[in-house]
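First the structure, in the form of structure tokens, and then the observations on it.
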Amino acid sequence: MVLDVVDTLCELVSIPSVNPMGRPVSGPEYFEYAMTDRLQRLFEELGLPWERHEVAPQRSNIVARIDGTTPLDDGGQLLMFEAHQDTVPVDGMTIAPWTPERRNGRIYGRGSCDIKGGMAAMLSAVSRLATERPRGMPTIVMACTVNEEHGFTGATALTKSWSLGESKLLPRAPDFAIVAEPTLLNVVVAHKGVVRWRCQTTGRATHSSQPHLGDNAIYHMSRVIGALEQYAKDIVGKLAKHRLVGSPTLSVGTITGGISVNTVPDLCTIEIDRRVVPGEEPWAAYQHVIDHIAQHTPANTPVKHGEPFITTGGLNDDLNGQLAERLGAVIRDNGGEGQRIGVPYGTDAAAFAAAGVPTVVFGPGSIDQAHTADEWVEIEQLKTAAEILYRFAKLGLV
């Protein structure tokens with residue numbers, strides 16, 4: 001059975017798999033369990049062995065395998081296709097998020113671009129490979145992971161499953177890995193990583209008619225934010241540089257504080273996003289920001305830093321040159337540009353590269369359409385991506 005890539009994407013979009021992004025929310029649209037259940041049935045329909053590995057409640061990675069011409073025990077090579085199952089929330093969308101719509105050569109819906117389009121292309125290629133079993137094909141593992149959008153924990157757990165011998169289908173590290181993300185059919189060989197954490201200032205609450213009796217936590221935080229603004233403007237961009245992804249950055253993304261306008265606030269919280277370039281260590285970047293705040297705010301500023309809730313290094317281009325060259329050639333043979341590029345966002349690829357696996361990022365669509373209010377992907381790119389992945393795997397690796 002060969003899966004039609006357009007029909008497959010429409011079905012995937014119709015299955016909600018929203019990442020709560022750390023918010024205290026509930027409902028059937030949240031987490032990836034419904035998507036995992038459908039993927040399991042799909043692999044069974046294709047006659048492929050599969051495994052589920054729980055990462056957290058209602059959140060399981062799932063892998064399936066096609067054995068190649070040469071068994072792994074006899075030196076056969078192992079190629080992994082990987083796509084994450086989750087999407088960002090649907091707040092503010094201007095289209096029906098779970099009702100895929102085909103119009104103007106596009107498919108609209110949440111996840112159509114990020115990254116169910118790439119997943120559909122991989123599944124279509126896998127179904128064709130499973131049906132044809134071309135001679136010379138390496139062993140293919142299709143891995144669908146959880147929680148990419150808010151922590152990359154699924155990808156990290158996948159590396160542990162093979163390193164700890166917990167998977168029969170993925171008994172060792174892959175020889176190569178391709179991670180699905182929207183790249184406009186180019187090959188991402190490098191990207192940034194990130195460290196994120198919460199910073200709090202404390203104070204003393206009192207009635208706003210007598211503010212002198214309290215201690216305003218928001219005022220304290222204003223000084224912290226001033227120090228961070230100066231750091232973002234004058235310092236962070238000079239700390240490192242990578243030829244493909246540029247310089248590191250810092251941003252303050254959220255701020256909360258106070259319970260009412262007539263109460264002096266005793267707590268204020270911000271969330272900090274520090275992007276690291278390949279070669280930077282996320283924990284060292286975190287500490288560098290903390291030290292800067294301490295040095296550029298009054299000594300008595302009551303500030304506390306939580307431990308990072310996300311830390312991931314960047315993807316470097318030091319291991320994936322051969323893979324990128326081979327994939328790029330196949331892309332160009334099928335009408336794509338196939339350029340080697342770097343991007344500022346993070347992906348699951350960093351986890352696999354950190355485990356020593358040559359990894360690149362590839363897929364249909366543009367990051368400009370990801371997470372948008374009317375998310376979409378071009379059908380022609382979707383079909384081309386499926387063909388590229390099929391031909392790349394069919395040719396085997398060198």
request  = Considering only NZ, NE, NH1 and NH2 on the basic side and carboxylate oxygens on the acidic side, decide whether Asp7 and Arg102 come within less than 4.0 Å.
outcome  = yes

ask   = Parallel under 30°, tilted from 30 to 60°, perpendicular over 60°: which one fits the rings of His296 and His292?
value = parallel

remark   = Correct closest heavy-atom pair for Pro364 and Ala385 would be CD-CB, 3.7 Å

query = Tell me, do Leu39 and Leu123 make a side-chain contact under 4.5 Å, heavy atoms counted?
reply = yes

inquiry  = Determine whether a donor-acceptor pair (N or O, by modelled atom type, separation under 3.5 Å) exists between the side chain of Ser124 and the backbone of Ala121.
reply    = no

Common cluster, Val343/Ile115, ILVMFWY with side-chain heavy-atom separation under 4.5 Å = no

inquiry  = I'd like to check the salt bridge (charged side-chain N to carboxylate O under 4.0 Å, His left out) partners of Arg133; sequence neighbours left out, ordered by chain and number.
reply    = none

Distance (rounded to the nearest 0.5 Å) between Gln381 CD and Thr384 OG1 = 7.0 Å

key: Exercise: identify the closest heavy-atom pair between Met119 and Ala180   = N-CB, 4.4 Å

task = Check whether Met122 and Leu46 end up in the same hydrophobic cluster, where Ile, Leu, Val, Met, Phe, Trp and Tyr are linked by side-chain heavy atoms less than 4.5 Å apart.
result = yes

query = Between Ala349 and Thr359, which heavy-atom pair has the shortest distance, and what is it?
reply = CB-CG2, 3.6 Å

ask   = Are Glu181 and Thr347 linked by a side-chain donor-acceptor pair shorter than 3.5 Å?
value = no

message = Does this structure show an ion pair linking Arg243 with Asp317, if we count only N-O contacts that are shorter than 4.0 Å?
response = yes

ask   = side-chain hydrogen bond (donor to acceptor under 3.5 Å, both in side chains) with Glu280: which residues, sequence neighbours excluded?
value = Arg274

key: Presence of salt bridge, Arg128 and Glu132, under 4.0 angstrom   = yes

request  = Salt-bridge test for Asp273 and Arg196: reply yes if a basic N is under 4.0 Å from a carboxylate O, no otherwise.
outcome  = yes

ask   = Under 4.5 Å between any side-chain heavy atoms of Val276 and Lys192, yes or no?
value = no

query = Under a 4.0 Å N-O cut-off, is there an ion pair linking Lys233 with Glu229?
reply = no

Distance (rounded to the nearest 0.5 Å) between Arg110 CZ and Ser17 OG = 10.5 Å

ask   = Does the side chain of Pro182 reach to within under 4.5 Å of the side chain of Cys113, using non-hydrogen atoms?
value = yes

query = Can you check whether Gly76's main-chain N or O pairs, donor with acceptor, with Thr70's side chain at less than 3.5 Å?
reply = no

Nearest heavy-atom neighbours spanning Leu169 and Val141 = O-CG2, 3.7 Å

key: Derivation and outcome, salt bridge (charged side-chain N to carboxylate O under 4.0 Å, His left out), residues Asp91 and Arg23   = CA-CA 13 Å; Asp91 310 51; Arg23 300 183 299 176; 3.3 Å; yes

ask   = Quick one: CG on Leu184 to CG on Asp368, what's the gap to the nearest 0.5 Å?
value = 7.5 Å

Nearest-0.5 Å distance, CZ of residue Phe31 to OG of residue Ser26 = 9.0 Å

query = Sequence neighbours excluded, which residues qualify as ring pair (Phe, Tyr, Trp, His ring centres under 6.0 Å) partners of Tyr219?
reply = none

message = Could you see if Ile367 belongs to whatever hydrophobic cluster contains Val361? Use Ile, Leu, Val, Met, Phe, Trp, Tyr and a side-chain cutoff under 4.5 Å.
response = yes

ask   = How far apart are the C-alpha atoms of Glu387 and Arg391, what are their side-chain angles, what is the distance that settles it, and do they pass the salt bridge (charged side-chain N to carboxylate O under 4.0 Å, His left out) test?
value = CA-CA 6 Å; Glu387 183 69 19; Arg391 292 194 182 187; 2.6 Å; yes

key: Heavy-atom pair with the smallest gap, counting every atom of Val18 and Trp98   = CG2-CH2, 3.3 Å

key: Pair Ser260-Thr263, side-chain donor/acceptor within less than 3.5 Å   = yes

key: Side-chain touch Val90/Met93, heavy atoms, less than 4.5 angstrom   = yes

Same apolar cluster (I L V M F W Y, side chains within < 4.5 Å links), Ile140/Val179 = no

task = Show the numbers, then the answer: is there a side chain to side chain donor-acceptor pair (under 3.5 Å) between Gln295 and Asp291?
result = CA-CA 6 Å; Gln295 294 165 9; Asp291 292 344; 5.5 Å; no

ask   = Out of Asn61, Asp114, Thr145, Asp348, which residue meets the side chain to side chain donor-acceptor pair (under 3.5 Å) rule with His84?
value = Asp114

ask   = Quick one: are Cys268 and Ile255 in side-chain contact, heavy atoms under 4.5 Å?
value = yes

ask   = Under the side-chain hydrogen bond (donor to acceptor under 3.5 Å, both in side chains) test, which residues partner Gln339, sequence neighbours left out?
value = Glu337

Side-chain donor/acceptor of Thr297 to backbone N/O of Ile293, under 3.5 Å = yes

ask   = In terms of side-chain geometry, is the basic nitrogen of Arg106 or Asp374 positioned less than 4.0 Å from the acidic oxygen of its partner?
value = no

inquiry  = Check this for me, if you would: do Lys160 and Glu166 make a salt bridge, where the nitrogen-to-carboxylate-oxygen distance has to be below 4.0 angstrom?
reply    = no

query = Would you say the side chain of Val63 lies within less than 4.5 Å of the side chain of Trp50, judging by non-hydrogen atoms?
reply = no

query = Any link between Val5 and Phe362 through a network of hydrophobic side chains (Ile, Leu, Val, Met, Phe, Trp, Tyr) touching at under 4.5 Å?
reply = no

query = With sequence neighbours excluded, what pairs up with Trp197 under the side-chain hydrogen bond (donor to acceptor under 3.5 Å, both in side chains) test?
reply = His305

task = Calculate, to the nearest 0.5 Å, the distance between atoms CZ and CH2 belonging to Phe352 and Trp162 respectively.
result = 6.0 Å

remark   = Hits for salt bridge (charged side-chain N to carboxylate O under 4.0 Å, His left out) against Arg198, two or more places apart or cross-chain, chain-then-number order -> Glu271

ask   = Are any non-hydrogen side-chain atoms of Ile66 and Met137 less than 4.5 angstrom apart?
value = yes

task = Have a look at Arg59 and tell me which of Glu32, Glu54, Glu149 forms a salt bridge (Lys or Arg N to Asp or Glu O under 4.0 Å) with it.
result = Glu32

key: Test of ring centre spacing under 6.0 Å for Tyr231 and His288   = yes

message = Before you tell me yes or no, could you show the steps for Ile388 and Leu327 under side chain to side chain contact (heavy atoms under 4.5 Å, CB included), namely the whole-Å CA-CA distance, both residues' side-chain angles and the distance that decides it to 0.1 Å?
response = CA-CA 8 Å; Ile388 288 167; Leu327 180 58; 4.0 Å; yes

Minimal non-hydrogen separation, Thr87 against Lys116, with atom names = CG2-CE, 3.7 Å

message = Counting only heavy atoms from other residues, nucleotides and ligands, does the tally under 6.0 Å from CD of Glu44 exceed 12?
response = yes

message = Please report the interatomic distance CZ(Arg52) to SG(Cys144), rounded to the nearest 0.5 Å.
response = 11.5 Å

ask   = Can any side-chain N or O of Arg275 pair as donor or acceptor with the backbone N or O of Val194 at less than 3.5 Å?
value = no

query = Any side-chain heavy atom of Ile178 within less than 4.5 Å of one from Glu82?
reply = no

query = So among Asn300, Thr202, Asp215, which one has a side chain to side chain donor-acceptor pair (under 3.5 Å) with His220?
reply = Asp215

